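Reviewing the structure listed below.
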Protein chains: 2
Amino acid sequence: MVTIYDIAKKANVSAMTVSKVINNTGRISEQTRKRVKKVMEELNYIPNSNARSLVLQQTQILSLLITDITNPFYTSLARGAEDSAKKLGYRLLFGNSDEDYNKEQDYVDMILSTRVDGVLFAPAGDHSLKHLEKLRAHNIPFVIMDRAVPGIDSDIVSGDSKQGARNLVDYLINLGHRRIALVNGSLDVSTARLRYEGYAEALRLHGIELDDELVLHKSYREYNDEDQLSRLLEQPSPPTAIFAANNFLAVGVINALRKRGIRVPEDMSVVCFDDLDLSSALDPFLTVAAQPAYQFGAMGIQLLVERIQGSALPEARKVILPSELIIRSSAKTIGS
Amino acid sequence: MVTIYDIAKKANVSAMTVSKVINNTGRISEQTRKRVKKVMEELNYIPNSNARSLVLQQTQILSLLITDITNPFYTSLARGAEDSAKKLGYRLLFGNSDEDYNKEQDYVDMILSTRVDGVLFAPAGDHSLKHLEKLRAHNIPFVIMDRAVPGIDSDIVSGDSKQGARNLVDYLINLGHRRIALVNGSLDVSTARLRYEGYAEALRLHGIELDDELVLHKSYREYNDEDQLSRLLEQPSPPTAIFAANNFLAVGVINALRKRGIRVPEDMSVVCFDDLDLSSALDPFLTVAAQPAYQFGAMGIQLLVERIQGSALPEARKVILPSELIIRSSAKTIGS
DNA sequence: AATGATAGGGTTATCGATAACCCTAAATGT
DNA sequence: ACATTTAGGGTTATCGATAACCCTATCATT
C-alpha cells in the first residue's frame, strides 16, 4: 500500500507537506501543491483512514443498528439514513440485530471498538437498556429509532404508535366491528405497549369492553403460532376483525386464516401497522397505518450529527412522526 | 477512552503484558492474567480496532456492496452474508449503490480507505469494471455477486439466468402462448443479457420467431414507462404474456396493465425472475423463477474468506446456483 | 541597511496496539 | 557446583497520519 511517505519521497517534499495538501491546511505554494497531487494520482494513493482516525480521535463513521433487515420498514429507514449520512460526509456501518439481544450486544461491542462517531440505534426492546447505557458510559452519542427504552433519556425519532393504533381500531369500529382482536408484538417493546394502549383507548371511547381473550402478545417477527390463533378463533364469541401490530404479523395471521378457509375480508377483517411496500404496490390489499420510514432514518441521522457536532441543545429531543391511515380492502363492514 | 496503558498502570504491568493477555500470546502466569483481566473489566476496556488494524495490516472487516437495499433479493443475500461473516469472525460494512455507478465509485474509495480485508461486490453493471480493477490494483480480494462483469476473471456466485429464463418461457409456451414479450433490465447487466438469451433460446427451440418489437430494455429498478408499454400493447399483434426480468419490473408492469384495465392473468399472463418474499407470502400470486438469495450471500462470504486466508486454489471459482420455478397463478392457458 | 513580517515548508511527538527481541531469576541437568 | 533452560515479563520500534511548533529565505518597511 502506498503511504504518505511514498508520495513525499517521490515529490521531494516532507510527509507533512503531503498531509497539508490532502487536507488543504497550512501554507503550500500552488506549484508544490500541483506536484504533490500529481504524484498522488500517479501512485494511486488512498489515505489510510485507520491511521487518520487514530490521531484525529474520530472516524467519520456512523453506525446504524436495525432489528430486521428483511422488514421493509427498516430497509426504507436505512435508505433514509444512508442518503442523509452521505450528504453530511459520514460513512455508515450497518448492523442487523435480528431482534436478538445477544446479537445486539455483539454489535455494540463492535461499534465501540470501531470508535464510530455516533450510533443510530433501533433497539430490540426494553432490555436494550444496558446496551445503551454502555454506549453512554463510553460517551458515544446515539439517537434511538422507533422504540423508546424506559430508563434512557435521549434523542429519539419514533412514530405515533398510540394514535396510529387508535385510527385503525376506530376505523374498524366505524365499520361496525365490536369483537376486535389484537395480535401484538412482545410487551417489552414500547411500540407494542403503545399500540395496545391505542387499541384499548379506542375501544373504551366507543364503550366497548376490552376482552383480554382477544389480545395476543407474540414477537414482531414470528408470525405462526397456530395454537394461540386457534384459541382466539374458537371462542364462544370470536372476533370479526383483527388488528395486527405490524406488517409481518399481519401476513402471518392472514396466511393462518386462509389455511383454515377463513377469507379476508369476507369472513374476517384485518388491518395492521406498517405498510408492505412492494407487496402493496403489486396488490393494494392491506389497510394499514403507514409510517414514513425513510424520514425516520433521514431525521435520525440529522439529529445524530447535530449531537456529534455539538450544535444541538443539550436537552433530549423527541421527534414523533405521524402515521397515515391507508384504507384498502382487507377490512369491510361487518356482515356485508 | 481507556487504553491498554491505563490497564497496564493499574495492574502494575507493562502494556505489552496486557496485549499478551488480550491476544492470548506469549507467556503470562495465571495470576497476572487474572489480575489484568479484572482490571480490564473494572475499567470497561474496549480495544481500539483502528490502532490494531494499523499495526496488523488487517481489519477483520469485510465489505458488502449491493445495488438495492429495498429489493428482497439483496436483503436476503445480505442476511446470508451477515450470518456467514459473523460465524467466521468478520464484521460487515454494508454499502448500497442504488444501481448508480457514481455511488458505487464512492463506496469503492471508502472501502479502500477503510482497508477492509475483502469485498463482496454486487456490481451495478458492466461499467463496474473500472471499480473492480481498482480493487484489484490495490490487492483487495473480492468475490462478485450475481452479475458477471466482462473483463474480470474472479470468484463469482451467480444464478443461472439463462436456464431460469428458459424455464419461465418454456412454461408460458406450454400454456399455449406464442406472442411473449420480454421486459428486461439494461443490456449492460450480464443477467439481463442471459435472460434475453434464455428467452430467445426457448422461443427458437419451439420454432417461434423472435420479434424485437416484443422486447423492452429498461432498468431493473424503474418500473414505469407508460409510453414504451403502450407501444408494446398497441401492436397489430400484441403479446398474450409478459416475462419480466425481475421482481420490480413485474410489479411495475402489472400495475401499468391494471391501470389500463388489463387483468392478470385473465387478459395477460405475467411471470418474472426473483421472488417477492413478503408479498408472495401474503398472496401467492406471481409465478416466478426464485433464486436462493440467502445462499448467494453465505456462499459468497465463504469463498471470500477462503480467498483472504489463502486456503483457496488460485483459479477463479464460478459458483452457479440454480433457480426454482414456482408456479402460482399469474399466468394461465391462453384463451381460457 | 537593519528589522520585522511572511510565505513555504520541515521536525518531532503522538494516537493505541503489537512484533521482535531482550532481560532476569528460578528451575533443571549432569 | 556450574552451565543451561525456561518461565515470566519488559523495551523499543513500528504501523500511517496529523498537530504543534520550528526554521529559513525573501520581501516589505522605515
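So that the names make sense, note that chain A is the first sequence line, chain B the second, and so on, each numbered from 1. Nothing here was measured: the structure is a model prediction, and the numbers come from that model.
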Using a 4.0 Å heavy-atom cut-off across all strands, classify [X] as base, sugar-phosphate, or nothing.
X: B:Val13; answer: sugar-phosphate
X: A:Thr25; answer: nothing
X: B:Ser53; answer: nothing
X: B:Ile22; answer: nothing
X: B:Asn23; answer: sugar-phosphate

From the list [options], which nucleotide is the closest neighbour of the side chain of [X]?
X: B:Met16; options: C:dT14, C:dA19, C:dA17; value: C:dA19
X: B:Ser29; options: D:dG10, D:dG8, D:dA17; value: D:dG8
X: A:Ser14; options: D:dC15, C:dG10, C:dT18; value: C:dG10

Legend entry - Bend angle of the helix from C:dA1-D:dT30 to C:dT30-D:dA1, from helix axes over five pairs at each end, nearest 10°: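 What I find for the helix from C:dA1-D:dT30 to C:dT30-D:dA1 is an axis angle of 40°.
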Inset, instruction - Answer yes or no on whether B:Lys37 is positioned over the face of B:Tyr45, meaning its NZ or CZ is under 6.0 Å from the six-membered ring centre and within 45° of the axis. - result: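 Cation-pi check for B:Lys37 and B:Tyr45: fails.
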Inset, instruction - Might you confirm whether atom CE of A:Met110 has over 12 heavy atoms from other residues, nucleotides or ligands at distances under 6.0 Å? - result: yes
When the distance from [atom1] of [X] to [atom2] of [N] is rounded to whole Å, what number comes out?
X: A:Arg35; N: C:dG9; atom1: CZ; atom2: P; result: 8 Å
X: B:Met40; N: C:dA17; atom1: CE; atom2: P; result: 11 Å
X: A:Arg27; N: D:dC21; atom1: CZ; atom2: C1'; result: 13 Å
X: B:Asn48; N: C:dA17; atom1: CG; atom2: P; result: 6 Å
X: B:Glu30; N: D:dA7; atom1: CD; atom2: P; result: 14 Å
X: A:Lys9; N: D:dG16; atom1: NZ; atom2: C1'; result: 14 Å
X: B:Ile4; N: C:dT14; atom1: CD1; atom2: C1'; result: 16 Å
X: A:Ile7; N: C:dG10; atom1: CD1; atom2: P; result: 15 Å

Legend entry - Partner of A:Val18 under side chain to side chain contact (heavy atoms under 4.5 Å, CB included), chosen from A:Ile7, A:Asp6, A:Val39: A:Ile7
Legend entry - First encountered from the 5' end of DNA chain D, between B:Tyr5 and A:Tyr45: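 Taking each residue's closest nucleotide, the earlier one in sequence belongs to B:Tyr5.
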Legend entry - Residue whose nearest DNA chain D nucleotide is more 5′ - B:Leu54 or B:Arg33: B:Arg33
Inset, instruction - Apply side chain to side chain donor-acceptor pair (under 3.5 Å) to B:Asp146 and B:Ser158, showing your working. - result: CA-CA 4 Å; B:Asp146 191 37; B:Ser158 56; over 6 Å; no
Inset, instruction - Report the relative orientation of the aromatic rings in A:His131 and A:Tyr101; use parallel for angles under 30°, tilted for 30 to 60°, perpendicular for over 60°. - result: tilted
Legend entry - Side-chain donor/acceptor contact of A:Lys20 with base of C:dG10 under 3.5 Å: yes
Inset, instruction - State whether B:Glu99 and B:Arg147 are salt-bridged, where the test is any N-O pair (Lys NZ or Arg NE/NH1/NH2 against Asp/Glu carboxylate O) under 4.0 Å. - result: yes
Inset, instruction - In sequence, state the C-alpha distance, the side-chain angles, and the governing distance for B:Arg91 and A:Ser113, and then conclude on side chain to side chain contact (heavy atoms under 4.5 Å, CB included). - result: CA-CA 11 Å; B:Arg91 294 174 286 166; A:Ser113 85; 4.2 Å; yes
Legend entry - Distance below 4.0 Å between A:Thr17 side-chain N/O and C:dG10 OP1 or OP2: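 Yes, within the criterion.
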